[in-house]
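Heavy-atom basis, side chains included; hydrogens, waters and symmetry copies ignored. So you know, we letter chains A, B, ... as the sequences are listed, proteins then strands, and number each from 1.
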Number of protein chains: 2
Amino acid sequence: MPESLAKSTPLRAGVILFPGFQALDVFGPLDCLNVLSRNHDMTLAIISSTLEPVSTESPGFPNAISQSVVPTHTFATAPALDLLLVPGGLGTRSTNPVIEEAISFIRDVYPQLSHLITVCTGSGLAARAGVLDGKRATSNKLVWAEITAMSTSVDWVPHARWVVDGNVWTSSGVSAGIDVTLAWIEKTFGSEEASRIANRIEYIRHEDPSDDPFAKMYGL
Amino acid sequence: MPESLAKSTPLRAGVILFPGFQALDVFGPLDCLNVLSRNHDMTLAIISSTLEPVSTESPGFPNAISQSVVPTHTFATAPALDLLLVPGGLGTRSTNPVIEEAISFIRDVYPQLSHLITVCTGSGLAARAGVLDGKRATSNKLVWAEITAMSTSVDWVPHARWVVDGNVWTSSGVSAGIDVTLAWIEKTFGSEEASRIANRIEYIRHEDPSDDPFAKMYGL
């Protein structure tokens, strides 16, 4: 077993949900972890403000379609975690109090984590929690200016599919969450396991973290 | 508006859920449709046997991690649909009675549909419903033999990221659901809209339906 996991088996993973999360930010990474968990001992806590299902319905789009996912824990009842996944979505920039609760949770739990993965504008929540201070990090490219303005203490990297700084893995927008998760699995469980999962989900990986056509597309 | 949609506005979409569905089979396509629905009038019915949340927990892997999604309708209460999305997953080959109900639903609803999209082993359910009879279709490549054995009346196409035959769009495994959905959006709403959505989710599309390295990888 890789040294980074030796201190905790099973691997205790958690994901934060808030109203207006982006569905693929959550389920790209989780689909990879679901397949991983068929081979490795893992738990998953799905964490939000209450145990009520959490909707992808996004502020500003009340007539758009949406889906709801069931939490397993609240911010108050979340178990000890090794890995925390923070998705993005339009909800990250809402005034819903769940967002402030999520930011407080990230700030409080970060010291106990072995690994933090953010997807898309989820890095904005981590930045507001202060856990990216002094670290290199990336985010969604379309709303780059809005997210990077949330903290001047982060070394924001515009041209990146994902960025690793210590135990913090931040990805670019939405589908980049699949690549950062497979890269994290490769580092943590080995390249064979990452390839097995990518092939199982018939996903053609982007294995170069600097492979980012969207930075240029959005003028960064 | 494209002629194919003229007969129904809003576009009435539906997705089937069953225990052991593959998360990304559902949320790759739905994330694309969620973004589409911010620009286009749509409804979404999330359909299963009951209104209880449906889990990704898969037969044979009781200790793997899972997530649960909330249906909006049952097979008995589902509204009229223009588009039906059928995901795959290990649950498709279970003996859970929900699978037989799902197959019956596909058989019954198909004549009213304008479009059917299947992802991964979801084509096995469509094949068992008989709606792929005489049609070209594809499926997951790892379990190709098992799925194609479900119907000898289908013209199974092994080397394909996705296949279109009339109003039936079938994709290869898991992440191929994103490509087939974006291809369907391109055909239905135009290439600019498909590009807008792909760029919004920072997804590098596979635009050639014959671009399928996994067929060769799995010896097909």
Count the heavy-atom pairs under 4.5 Å between each of B:L142, B:V15, B:D212, B:V143 and chain A, then report the option with the highest count.
B:L142

So which residue, B:R38, B:M42, B:E202, ends up with the most heavy-atom pairs under 4.5 Å with chain A?
B:E202

Are B:D41 and A:N63 close enough that some pair of their side-chain heavy atoms sits under 4.5 Å apart?
no

When heavy-atom pairs shorter than 4.5 Å are enumerated against chain B, which of A:G60, A:G173, A:C32, A:A13 gives the highest number?
A:G173

Which value, rounded to the nearest 0.5 Å, describes the distance between A:Q22 atom CD and B:F27 atom CZ?
11.5 Å

Residues of residues 84-95 of chain B under 4.5 Å from chain A (heavy atom pairs)?
B:L90

Measure distances from A:S172 to the heavy atoms of chain B and classify the residue's part below 4.5 Å as side chain, backbone, both or neither.
both

Quick one: does B:N34's side chain get under 4.5 Å of A:F61's, heavy atoms only?
no

Applying side chain to side chain donor-acceptor pair (under 3.5 Å) to A:D179 and not counting sequence neighbours gives A:R161, A:Y203, A:H206

Considering only heavy atoms from C-beta outward, does the side chain of B:I46 approach that of A:Q67 to under 4.5 Å?
yes

Checking A:S68 against chain B: side chain, backbone, both or neither under 4.5 Å from a heavy atom?
both

Can you pull out the residues in residues 48-58 of chain B with any heavy atom less than 4.5 Å from chain A?
B:P53, B:T56, B:S58

Just wondering, are more than 12 heavy atoms of other shown residues or ligands nearer than 6.0 Å to CZ in A:R196?
yes

Of all of A:N39, A:L24, A:I65, A:T72, which one pairs up most often with chain B through heavy atoms under 4.5 Å apart?
A:I65

Scored by heavy-atom pairs under 4.5 Å with chain A, the best of B:I178, B:I201, B:L36 is B:I201

Determine which residues belonging to residues 116-123 of chain B lie within contact range of chain A, meaning some heavy atom pair is under 4.5 Å apart, and list them by number or answer 'none'.
none

Can you say whether A:P71 sits under 4.5 Å from chain B via the side chain, the backbone, both, or neither, judging by heavy atoms?
neither

Highest number of heavy-atom pairs under 4.5 Å with chain A among B:I204, B:D25, B:V35 belongs to B:I204

